[in-house]
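Each remark here refers to the structure printed beneath this line.
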Amino acid sequence: MAAALLLLLIPPVGLLAILAFLTRPHAARIPLKGRHVFITGGSSGIGLAMARAAAREGARVSILSRNLARLEEARAAIQRDSGRDDGVSVGVHAADVRDAGAVARALEEAGPVDVLVCNHGVFVSQELERQDMDEIRWMVDTNLMGTIHLVKASLPAMKARARETRLPGSIAIMSSQAAQVGIYGYAAYSASKFALRGLGEALQHEIIAHNIHVSLIFPPDTETPGLEKELKSRTELTNIIAGSSGGMKSDDVAKKALDGIKSAKFIVPCNFEGELLAAATAGLSPQSSPFMASIEVIGAGLLRFAAICFQWNWFSTIEKYHAKNKKSE
Amino acid sequence: MAAALLLLLVPPAGLLAALAFLARPRAAQIPLKGRHVFITGGSSGIGLAMATAAAREGARISILARNLARLEEARAAIQRDSGRDDVGVHAADVRDADAVARALREAGPVDVLVCNHGVFVPQELERQDMDEIKWMVDINLMGTFHLIKAALPAMKARTRETRLPGSIAIMSSQAGQVGIYGYTAYSASKFALRGLGEALQHEVVADNIHVSLIFPPDTETPGFEEEHKRRPELTNIMAGSSGGMKADDVANKALDGIKSAKFIVPCNFEGTMLAVATAGLSPQSSPLMAFIEVIGAGLMRFVALCFQWNWFSTIESYYAKNKKSQ
């Protein structure tokens, strides 16, 4: 009996052992205390929550966003909430991430970065056919090109910094569950966020030798000013489909995000549903944790089945919605 | 004994039956004969091969590219190889939304839109010029947005009239399934098309239009020759392991996939494995493919981890070797 149980344990243990050998990049810990954390979209929502949390952990924080007044309010809030007597240093930089020159200037002023958090993002859901090309371009320019500007501008100094301090650096990119699956109304936003994943996978290959780790953070709908705006313009069908996803508070997302960054995780989900989504969409992305890798391998089949169920549900919803609307015409 | 074997068959048969019920969107066949196929990047490479193949199947072809002279050469070749005389040519840069709209107006309502155009230059993100990155994103991603937005209204009207399904096919790449060294900008643009495609399928299924994303490996085309010249050494070592294909073969696979209204269209066996590994939450019309995806998912994730182990080891060895020689 005991022998049979032991025999059952061999395959999973064997798998875990093999994965412990295979998983790349090697696991790492990214300290925040005494280090420079630069956060875009840092004057509100998730960015502000992350800035506060990082400051509480002893980091020097720089926040970037477009509006100087809001940045200064944010700075005051961060300093107040940080619980530090040493007068925590918070730098503020007003710039639009779509402007490569302004981004470069802000990073020069801020000084070499240890942890770059590309958290800024804009999102308006609408059917692709109806959405203005200007609005689509705005989302792609801000979410994707803005992030590229930030990474290119900060990389040289980050590499030098990682070399000097002999401590790992991090480039964290705020993504979204809309980057794991595209649904009705999200063509432009999902395009911009899926793009960040492709960027992140390739970027990790390019900077691993410089001891910099890439983290992609995938929150669900989060209660932020940004979400309030987006909800107003959501189409009914998007609401029905996306509404099934649970919402989270900024502070909780910020905490999960920072934990993921500190553990140098490539994919950082923020709740249980997010973990399932992450495993279902693991694809060919790297995985540092043998344990997570085992879960991904073992759970993959069941998760793909669940994914097909989700699509069955979504397409059925779309069918019913259109049938109902045709009747009422 | 027979009873035990039968019992073993019950779970897979049950799974297949469940998936036959669940698979969405419902399967469809998209005829090409007598229909209007509009192909961007249609004057060379995969686009030209697709245009020729579709013309041979009896479709009316329109091709769009930037260079009128090359378009006219292409037209002559397609007409020669297919015996048709009605190939339309449209010179436009997909980055110009108005030019795209004009071209689609001139061409007339489209049944099958093939967004095949694309540019690609691999280079480390840190070293690549912002202008080159913008160029790739503008053409590959924004250009595709322009085409779809301009074509959709007439495509919807068309499927209503003809009661036949339409197709929006988007040429992606294996770089749209996994990002590797040197491909930050290109992978970004191609991953984006996948997010776009998943959402778009939700939005156009009620209008009987099917979205197909095609994922070829390196293909022997003029574009590829250009790309090869600029590849960083490390990219060559890592990507070189992927097999190349001929444009005609990719074109055939692509058209087959479009005609079967498949959401994800791989072009060779390796591509099929990649497709299973990166199925994620994408839709799947075929119960059989869904079955393969569910059963094969775990093994594919394991294989994926092996690939990353290999790639990261390659990167490590490369840097170690280069440090020594400095």
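Quantities reported herein were computed from a predicted structural model and do not represent experimental measurements. Residue numbering restarts at 1 for every chain, and letters A, B, ... go by the order of the sequence lines.
When the candidates T281(A), L199(A), I298(A) are compared by the number of heavy-atom contacts under 4.5 Å with chain B, L199(A) comes out ahead. Most heavy-atom pairs under 4.5 Å with chain B: of the set H149(A), K193(A), Q180(A), this distinction falls to H149(A). The residue among D141(A), L277(A), L128(A) with the most heavy atom pairs within less than 4.5 Å of chain B is L128(A). Ranked by heavy-atom pairs under 4.5 Å with chain B, the list P286(A), A153(A), S190(A) is led by P286(A). Taking chain A as the reference chain and counting heavy-atom pairs below 4.5 Å, the highest number among V205(B), L200(B), D138(B) is found for V205(B). The choice from I148(B), V276(B), L19(B), V303(B) that makes the most heavy-atom pairs within less than 4.5 Å of chain A is L19(B). Highest contact tally toward chain A, considering only L299(B), T314(B), I133(B), is held by I133(B) [criterion: heavy-atom pairs under 4.5 Å]. With chain A as partner, the option from A185(B), A290(B), A188(B), A18(B) having the largest number of non-hydrogen pairs under 4.5 angstrom is A188(B). Contact tally against chain A (heavy-atom pairs below 4.5 Å) for S282(B), S187(B), A206(B), C306(B): the top residue is S282(B). For the set P25(A), A209(A), A307(A), the count of heavy-atom pairs under 4.5 angstrom toward chain B peaks at P25(A). The residue among P156(A), S192(A), A100(A), A179(A) with the most heavy atom pairs within less than 4.5 Å of chain B is P156(A). When each of Q128(B), E203(B), R26(B) is checked for heavy-atom pairs under 4.5 Å with chain A, E203(B) comes out on top.
The minimum heavy-atom distance linking G283(A) with T278(B) is given by the pair CA-CG2, 3.9 Å. In plain terms, the two heavy atoms of V151(A) and C118(A) that are nearest each other are CG2-SG, 4.4 Å. Scanning all heavy atoms of the two residues, the minimum distance from G182(A) to H202(B) falls at O-CE1, 4.1 Å.
For I207(A), no part sits under 4.5 Å from any heavy atom of chain B, backbone or side chain. Heavy atoms of Y189(A) lying under 4.5 Å from chain B are absent altogether. Within the 4.5 angstrom heavy-atom criterion, atoms from both the backbone and the side chain of V181(A) approach chain B. In this structure, the portion of E316(B) lying under 4.5 Å from any heavy atom of chain A is its side chain and not its backbone. Contact annotation for T235(B): neither backbone nor side-chain heavy atoms come within less than 4.5 Å of a heavy atom of chain A. P153(B) touches chain A through backbone and side chain together, each having a heavy atom under 4.5 Å away. Looking at E319(A), only its side chain comes within 4.5 Å of chain B, counting heavy atoms on both sides. In this structure, chain A has no heavy atom under 4.5 Å from any part of L234(B). Heavy atoms closer than 4.5 Å to chain A are found in both the backbone and the side chain of V178(B). Contacts between F315(A) and chain B at a heavy-atom distance below 4.5 Å involve the side chain alone, from C-beta outward. For F21(B), the parts lying under 4.5 angstrom from a heavy atom of chain A are both the backbone and the side chain. Proximity to chain B (any heavy atom under 4.5 Å) is restricted, for L19(A), to the side chain, taken from C-beta onward. Both the backbone and the side chain of R137(A) come within contact range of chain B, judged by heavy atoms closer than 4.5 Å. In this structure, chain B has no heavy atom under 4.5 Å from any part of L303(A).
Around atom CZ of R230(B), more than 12 heavy atoms belonging to other residues, nucleotides or ligands sit under 6.0 Å away.
At least one donor-acceptor pair closer than 3.5 Å links the side chain of T238(A) to the backbone N or O of Y184(A). Between the side chain of K156(B) and the backbone N or O of V204(B) there is no donor-acceptor pair closer than 3.5 Å. Between the side chain of Q284(B) and the backbone N or O of A23(B), no donor-acceptor pair lies under 3.5 Å. Between the side chain of Q126(A) and the main chain of T235(A), no donor-acceptor pair closer than 3.5 Å is present. Formation of a donor-acceptor pair under 3.5 Å by the E206(A) side chain with backbone atoms of L125(B) is found in this model.
When each of L193(B), L147(B), N140(B) is tested with I170(B) by the rule side-chain contact (heavy atoms from CB on, under 4.5 Å), just one qualifies, namely L193(B).
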Yes or no on side-chain contact (heavy atoms from CB on, under 4.5 Å) for I180(B) and H205(A), after CA distance, side-chain angles and deciding distance? CA-CA 6 Å; I180(B) 64 169; H205(A) 281 187; 3.8 Å; yes

How far apart are the C-alpha atoms of L274(B) and F215(B), what are their side-chain angles, what is the distance that settles it, and do they pass the side-chain contact (heavy atoms from CB on, under 4.5 Å) test? CA-CA 9 Å; L274(B) 248 183; F215(B) 295 92; over 6 Å; no

Using the rule given for side-chain contact (heavy atoms from CB on, under 4.5 Å), can you reason through E126(B) versus H210(A), listing the C-alpha separation, both sets of side-chain angles and the distance that settles it, and then say yes or no? CA-CA 12 Å; E126(B) 194 185 352; H210(A) 304 276; 5.7 Å; no

Apply side-chain contact (heavy atoms from CB on, under 4.5 Å) to residues E293(B) and M300(B) and explain how you reach the verdict. CA-CA 9 Å; E293(B) 286 167 359; M300(B) 286 297 105; over 6 Å; no

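Under 3.5 Å, the side chains of E233(B) and Y318(B) contain a donor-acceptor pair of N or O atoms.
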